[in-house]
Every structure is written in structure tokens, then in C-alpha cells.
Student: 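I'd like to ask you about the structure that follows.
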2 protein chains.
Amino acid sequence: MAKSDDPARKSTRRSFLKAGLGGGAALAAAGVSGGARAAGDPLITEVQDWNRYSGDGVDSRPYGRPSDFESQVVRRNVAWLTADPISSVNFTPLHELDGIITPNGLCFERHHSGIAEIAPQDHRIMVHGLVDTPLVFTMADLMRFPRENRIYFLECAANSGMEWRGAQLNGCQFTHGMLHCVMYTGVRLRHLLEEAGLKANGTWLLAEGADASGMARSIPMEKALDDCLVAFRQNGEALRPEQGYPVRLVVPGWEGNMWVKWLRRLEVGDQPWELREETSKYTDLMANGKARRHTFAMDVKSVITSPSPQAPLMHERGRTVVTGLAWSGHGTIERVDVTIDGGRNWHTARLDGPSLPMALHRFYFDFDWDGSELFLQSRAIDERGLVQPTKDALRAVRGENSIYHNNGIQTWHVGKDGTVENVEIS
Amino acid sequence: MAKSDDPARKSTRRSFLKAGLGGGAALAAAGVSGGARAAGDPLITEVQDWNRYSGDGVDSRPYGRPSDFESQVVRRNVAWLTADPISSVNFTPLHELDGIITPNGLCFERHHSGIAEIAPQDHRIMVHGLVDTPLVFTMADLMRFPRENRIYFLECAANSGMEWRGAQLNGCQFTHGMLHCVMYTGVRLRHLLEEAGLKANGTWLLAEGADASGMARSIPMEKALDDCLVAFRQNGEALRPEQGYPVRLVVPGWEGNMWVKWLRRLEVGDQPWELREETSKYTDLMANGKARRHTFAMDVKSVITSPSPQAPLMHERGRTVVTGLAWSGHGTIERVDVTIDGGRNWHTARLDGPSLPMALHRFYFDFDWDGSELFLQSRAIDERGLVQPTKDALRAVRGENSIYHNNGIQTWHVGKDGTVENVEIS
């Protein structure tokens, strides 16, 4: 793992080579670890420093951090993408992760005026507009309502947006890394709205953040009353500052921009507000120059996270794990297919772990690599039976003006030397 | 949350008081936030700094960390408990957490010679003993086997051990905090053993760590072949150093000491090794001076995490959330009962989230507090129908010599002023 997956260390690759299927070398045979390490390998027979000397004690890190050997596992940005880091994005290192939980320190960030640093005791959430009684909640108030915990993915509508015009970015961290999945703790948005008393004509809700950008979005009341959460924890602990500390909206399955961070205001109205973030941005410009609006849900999608450009194959042939993520804003994932030959043959992948609606699903395809070049793709099918489309199929309908909602099938080319590239095939 | 839950800030409690059921105050009424904040409350009408100025950009923290306002949410040790921090323990701050996932930075630590710092490319796992072909695996080898992801609790056998002789420690972090729950990624231990080829008389397995203590335990082969994992990730990213980086054993439902960290050696034998950690330690000394051995599974157990001594009630009466955790080393949790009057009346708690075997289960009991004193208890029932016992029932069978496997019902006394204490009632 770790260092051995780091493309920068590609030159050490051959020290990991294996004959045959790999996976364990006979101690007595000359073939231990591909011949480089025989029975007398000092790594087996000598006492290492970590076995000789005691390490740091339990009081060394009250809040822990990753091993120094994992320093490459970080969020990364793309310098040329935005003019200023205060209105920018960085990306989750999907190629370094497994399972479906994203550690809090690695959840991608997107903000419009930097990270608001809010003192929780001074934060308020106001509910007003078409309600019987306008209300103000402190954080302490909020935590006296019944709580729920749910694992949901959050995907930016612009995830994979740079790929509309062909293969652009070399790594799933950059092509698909505006994506994370954590367990949220919060209260149903419905409880706060019902406490204020919704008027009959209250069909839309405005959610506004307390950051300097005052980011705001209109949400149909039907969704607000269905499954939205006002959340204050992620993976058990308080929300991270860059994820909206002390409180954010959770809008399961819908585009990340609507999950308003640093939530301070909920206004009930009878029509959408048509703000900048739902007209100039977060609409889908079609080939004819007209824009689709209110395309809120994230469609069925998947990506192979390893191997991928930042996680090349480090062996020559044999037992090989292909793994990735699948998700749908419309519910659970029913099936994932994987191809290694660019779509000539598809194989049903193994779905692992609990299947939760509007959460990431981890899939695996274990196969014996014969050392030839590969064209890897994954194709997800959600509980509605909808199948993830090709990028060409998307372009045929929507042209190439789009930025948002690109859920097309991703292709990785694996060379005979194990290197991986972002490509398109027709 | 955060500051307002901090006992050290108890003197500010009255600024959060509420009339009636609480949970939102009318904007126009004098009663906004209990009278302290009226409609003209500057916290509502004035622009705050975080709304006026942009914050840090996305490139400020490649690996994120919690808000500075959450500095009290840390692992803590008990200074008098052990002679030296290199062979010691610290505790998960359960009272500050919600849901069932423990963030990696807050998982309690227990090690016998400090934290081994292992370079993953130099680490090896040897499988030998009663096998056809002794094998050595690199980390790269390991990751070519089929992987699985599972959410499991890990509880130290000594968790709550100091409570055998009565209420000792004032906080669930200390009484129950040798407990965490994460999603592990790993390969089945079975795959490695089958690759080496088990001999027919291989009925026991020795698992040994690469740290300076060379911590080792004997595991029945039946368990090793059933559900044990050789794990290299927790909550998606690499194991933390203090949790066994780069690789540890996962022994679902069984005492934490057996989940050997920094795993380097697996020896197949035909009987248990009877090492220090399974004779002098991790056995259960009965009243008659004899010790029970091989009490591996962690029994059905629960604890209320809030309110608790470190998380007092901050309001005078009204809508109140009681929450806690339940778990069983024998499978899922069927039901949790909560009492607020020391067991005279029991109420069925609300179980939240996915019910996963040998994982934590989060429960809630929402009630209207009348401001009188409370004696809070929770009682878990697992899928076998086994009911968590009282501490007195445990002592009647096992005496008071024990350290390990205390799964007795915990009582918290809540005073009229909201303070909470660890007590025992008969």
C-alpha cells in the first residue's frame, strides 16, 4: 500500500514482481517474493528497530493522525482550475481509499468565500417566511430534537465536469474526487419546519449559509419534508469547519451545492428564489443554448478507483484486484458490471458491504491479469434499473456545453508496464 | 454541542435555559432563547465576522483537522492507572460522539511497548507451523487477495474493569471508553491460511505482533477460518499507527487483545500456546481463586453516553435526548430498554441506523424532563435473547476479583441542576 502505490516510486516496481499468481512466496523456495528475497531475506530473519525499541506512549497524540508513511494521502487541488483558493475546490484521494466511509480529513472541499470559522455558541438558525411562528434555534436547541444517523454520499454537480470535452485529467482523484461519503448525525429538517408551523402555500424552502458568500439554494418543500437532515456531526464527531461547522443541510442524493454549509437561515416561500447558484450556475446548458433547470438528483454513476492513473499496477501479471465505487441519487445500486477489454465482454462485479440508499457502494472484480494491455470500465445499474450511460450517449442528448451532471462511463487504459491513463474509446 | 457540553463551562449554563419544552423560540416574543435574547438579539440581527470576511481557502489543510472549538474532544488517559505511558491505555470520548462510527483520530489506544512505527515496504507476514508450505507475504501481496469491508466494534476485555468494586470513574469516557467501531478493509485470514495449506491437526493459530512487546495470542482455528480479517484500512484510509499500521488482525466480537496489531507472524498449531496474555492476563479470576480461561467473546452490553458525567444536562426541564450505545460479540442487538427512575419503569429505546452484527448500535430515548432527579440506566438484549445483567448479578456469580468482561448495567444519577454522577443502586 502507501509508498508502493505512489506513482513517484514507480521505479521500485520490479522489486515487487511475482511469478505466477502471486500472493505469498514459499519460505524455502528460491522464488520468495519473486526471487529478490530468498529464505535468508534480512526482512524476515533480522530483528527490526520497531521490534527492538518501544515506541511513543498513549499520551503522545490526544487526537491522532495518519502515519508519516501515508503523507501522499491528501486532498489535492488543480491550480489552473480557479483564480483564488477562497473560491475553489480540492479533491478526495479516491485512489488511496477503500470501503465506503471517507475519513473526515479527506472529504473534498468546495467553498465560495473560504472556510467560515463559527463559534458554535454564537450561531443561530432562523426559520421564517410562510410559517405560523418564526423561530430561532441555538445549537443547544437543535440537539434536543430526535436525532438520526445516516450514511450518504455527497457529490458536487460539477464532479467529472471537465471530462465533457474528452479525457482531461489523469487520476480519479481529479476526475471523480468531488465525492465523499460519511455517517451524518442530525435532526430531520421536517421537525424544525413543523415546529414553526408550515402554511399551506409553503411549497419551496430557501436554505442560506452564514459564510461570507451567503450561499443559498431553493429546495422543493416535498424534498425538505422527506429525508433532509439538519446535521451537526460527520462520522461521529462534530462537522469539520470546511464541511459547515457547526451545522449543515443534508439533501440525500441531490447535488452537493444544495447541502448548504454553515446553515443560518431557512425561509419558506411559494416559488423558487432563482438565485445565482440556480440560474447562472448549477443549470445544464444544452447544445441549443437553452439551459435545463432544477436537475437536482445525481444520476447513477461509478468509477474504478484502483487501478487508476495514480494507482498503477505494481506487478507483471497474475492475481489482480480491480475496485471502485458506485452510487445513485435515486436509491441503492443493484449491480455493477466491469470490463477489462473496453466493453467487448462485461463481468458482474462483487458488491461488498451494506447496500444503503444514496450511499457509496464498494465493488470488486478479482481476476488473473495476463500482462497484456487493458481498457477498464465500470457500469452501474441502480434500483430503478437505470444504467449508467457512455459519455458519447450523454453528449448525443446534451451536447458539449455542460459542466454539471456528467455520469458517463470512465475508461482507464492499463499499459503492459502497469501504468494507467485516462482515455476515451468509441 | 462543543463548548456548551463542556463541564468546565458549567457556569454559563443558565444562558441556555428555556421555558417549557424548548426547541426554538418565537422571534417576536420576549421568550426568545429563554429571555436572554429578544428579537433584537445582536446574534440574529448583526452581521458576524464569519459573514463579513472570507475564510481560509481550500489549500490550507491537505489533511483536515477538527475545529479549534472542539479541542476538548480528545482521547484521555488516567494518570494513576499505569506506571508508564508506553504500556498504557487511553479512552475514546464516547460522551462527545454520536452515530456508530468512531473517527480514526479518537479510537482508544492500548499498547504494551508503545506505538511501533513500521515502514510498510519492509513489513512481512509469515505463515508457518502445521501448514503444507510456509509462506511470507509483503503488504503488496496481501492487497492482491479478495477484499472485504466490515463495520465491527472493538472492545478491550478490561473495559469497565475498574467498576467491579463499585462506581469508580466519573465519565463514560473512562468507564466504557476502551471501545471503538470503524469500517475495516482487509482480506479473510482464511485465504492466507488456505494458500499455505492447513494440515488436518491445525486446530489453533498463534498471531504475533511486530512491536517491541511481541504481543501474541492463541486463536481457535474455527474462529480464524470463520470471520477473521487481516485488515489494512480503517474508515477507508490506512490503519493508524496506534491501531497496528500497516496491518492488524480483526477478530469480530472477541476481546480487543486478540486483534493483534502490527501483525507479523501466524503459526498454526494443535493446542493453545498458554502465553502470558492468556494466563496471567485476560483470564477471569473467580472468588475461589481459580481462573476462567478462553472467555473470548464480549457479552451483550450498553451504556448511556449522554447525559453522562462529562455531558451534563444544560437545560432545566423539557425536551431531552438520552442516547447511548449497545453491542454484543454474539451478533446484532435486538432491543435496548432505558429507565429514568433506576429500574422501576423501563421504556423501549429507539434503535437507529443499520443493525450490523458485532457492530455498535446507537439508541435514543426522547422524553420530557420535569426537572427532578433521575437514575438513568440502559439494558441491551442481543439477537440470542440474552439480557445485559446488573453488576450485582455479575458479582454474585464471579465475585469481585475480576478485571475483565464487566458488562453490567451502568447507572448515572442526574441531579436537579443537571450534573451527572456515576453511582450504584441496589
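Not measured: the values here are computed from a predicted model. Letters A, B, ... mirror the listed sequences (proteins, then strands); counts begin at 1.
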Student: Heavy-atom distance under 4.5 Å between the side chains of N51(B) and R264(A), does that happen here?
Tutor: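 Yes; the side chains approach each other to less than 4.5 Å.
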Student: Between E195(B) and R319(A), does any NZ, NE, NH1 or NH2 come within less than 4.0 Å of an OD or OE carboxylate oxygen?
Tutor: yes
Student: Tell me the closest heavy-atom pair linking P146(A) and R350(B), and the distance in Å.
Tutor: CB-NH2, 3.7 Å
Student: To the nearest 0.5 Å, what is the distance between CD on E117(A) and OG on S67(B)?
Tutor: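 One gets 7.0 Å once the value is rounded to the nearest 0.5 Å.
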Student: If you apply the rule side chain to side chain donor-acceptor pair (under 3.5 Å), what do you find for D211(B) with Y53(A), and how did you get there?
Tutor: CA-CA 8 Å; D211(B) 63 320; Y53(A) 308 109; over 6 Å; no
Student: Which residue out of V58(A), I101(A), V74(A) racks up the most heavy-atom pairs below 4.5 Å with chain B?
Tutor: V58(A)
Student: If you take all heavy atoms of P85(A) and D59(B), which pair is closest and at what distance?
Tutor: CB-OD1, 3.5 Å
Student: Which pair of non-hydrogen atoms, one from T323(B) and one from R147(A), has the smallest distance, and what is that distance?
Tutor: CG2-NH1, 4.1 Å
Student: Against chain B, label R61(A) side chain, backbone, both or neither, depending on which of its atoms sit under 4.5 Å from a heavy atom there.
Tutor: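 Looking at R61(A), backbone and side chain both touch chain B.
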Student: Considering only heavy atoms, which portion of S60(B) lies under 4.5 Å from any heavy atom of chain A: side chain, backbone, both, or neither?
Tutor: side chain
Student: Determine the option with the most heavy-atom pairs under 4.5 angstrom with chain B, choosing from D98(A), L356(A), I151(A).
Tutor: D98(A)
Student: Supply the atom-to-atom distance M183(A) CE to R362(B) CZ, rounded to the nearest 0.5 angstrom.
Tutor: 9.5 Å
Student: Provide the closest heavy-atom pair for P62(A) versus L106(B) in the form atom of the first, atom of the second, distance.
Tutor: O-CD2, 4.4 Å
Student: Under 4.5 Å heavy-atom distance to chain A, tell me which part of R265(B) shows up: side chain, backbone, both or neither.
Tutor: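 R265(B) has no heavy atom closer than 4.5 Å to chain A.
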Student: Measuring heavy-atom distances to chain A, does N77(B) have an atom under 4.5 Å in its side chain, in its backbone, in both, or in neither?
Tutor: side chain
Student: Please classify the contact between D366(B) and chain A as side chain, backbone, both or neither, with a heavy-atom cut-off of under 4.5 Å.
Tutor: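 The side chain, not the backbone.
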Student: Taking all non-hydrogen atoms of both residues into account, name the closest pair between P66(A) and P241(B) and its distance.
Tutor: C-CD, 4.1 Å
Student: Chain B heavy atoms under 4.5 Å from T82(A): which part of the residue, side chain, backbone, both or neither?
Tutor: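 For T82(A), there is no contact with chain B at all, as no heavy atom is under 4.5 Å.
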Student: Pick whichever of C107(A), S87(A), G353(A), S113(A) has the most heavy-atom pairs under 4.5 Å with chain B.
Tutor: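 So the answer, after comparing C107(A), S87(A), G353(A), S113(A), is S113(A).
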Student: Considering only heavy atoms and a distance below 4.5 Å, find which of L97(A), I86(A), N90(A), I118(A) pairs most often with chain B.
Tutor: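 Of the options given, most contacts go to I118(A).
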Student: Which atoms of V89(B) are under 4.5 Å from chain A, going by heavy atoms: the side chain, the backbone, both sets, or neither?
Tutor: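 It is the backbone, since no side chain atom gets that close.
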Student: Counting only heavy atoms closer than 4.5 Å, note whether S88(A) contacts chain B via side chain, backbone, both or neither.
Tutor: both
Student: Would you call R150(B) and D352(A) a salt bridge, using N to O less than 4.0 angstrom?
Tutor: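 Salt bridge: yes.
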Student: Below 30° counts as parallel, above 60° as perpendicular, anything between as tilted: where do the rings of Y245(B) and F69(A) land?
Tutor: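 The rings of Y245(B) and F69(A) lie parallel, inter-plane angle below 30°.
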Student: Using non-hydrogen atoms and a 4.5 Å limit, figure out which bit of I100(B) sits close to chain A: side chain, backbone, both or neither.
Tutor: both
Student: Can you give me the closest heavy-atom contact between D56(A) and H111(B), atom names plus distance?
Tutor: O-CE1, 3.7 Å
Student: Can you say whether E237(A) sits under 4.5 Å from chain B via the side chain, the backbone, both, or neither, judging by heavy atoms?
Tutor: both
Student: Given the ring of Y63(A), does R65(B) sit roughly above its face, with NZ or CZ under 6.0 Å from the centre of the six-membered ring and within 45° of the axis?
Tutor: no
Student: List the steps, then state whether side chain to side chain contact (heavy atoms under 4.5 Å, CB included) holds for D122(A) with W50(B).
Tutor: CA-CA 11 Å; D122(A) 293 339; W50(B) 49 77; 3.8 Å; yes
Student: When rounded to the nearest 0.5 angstrom, what distance separates OG1 in T320(A) from CE in M143(B)?
Tutor: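 Separation between the atoms: 14.0 Å.
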Student: Does any backbone or side-chain atom of E109(B) lie under 4.5 Å from a heavy atom of chain A? Answer side chain, backbone, both or neither.
Tutor: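 For E109(B), backbone and side chain are both near chain A.
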Student: Given side chain to side chain donor-acceptor pair (under 3.5 Å), test Y364(A) with N149(B) step by step and report yes or no.
Tutor: CA-CA 11 Å; Y364(A) 295 99; N149(B) 300 280; 2.9 Å; yes
Student: Does any backbone or side-chain atom of T185(B) lie under 4.5 Å from a heavy atom of chain A? Answer side chain, backbone, both or neither.
Tutor: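 Contact with chain A is through the side chain of T185(B) alone.
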Student: Below 4.5 Å from any heavy atom of chain B, which atoms of A196(A) appear? Answer side chain, backbone, both or neither.
Tutor: neither
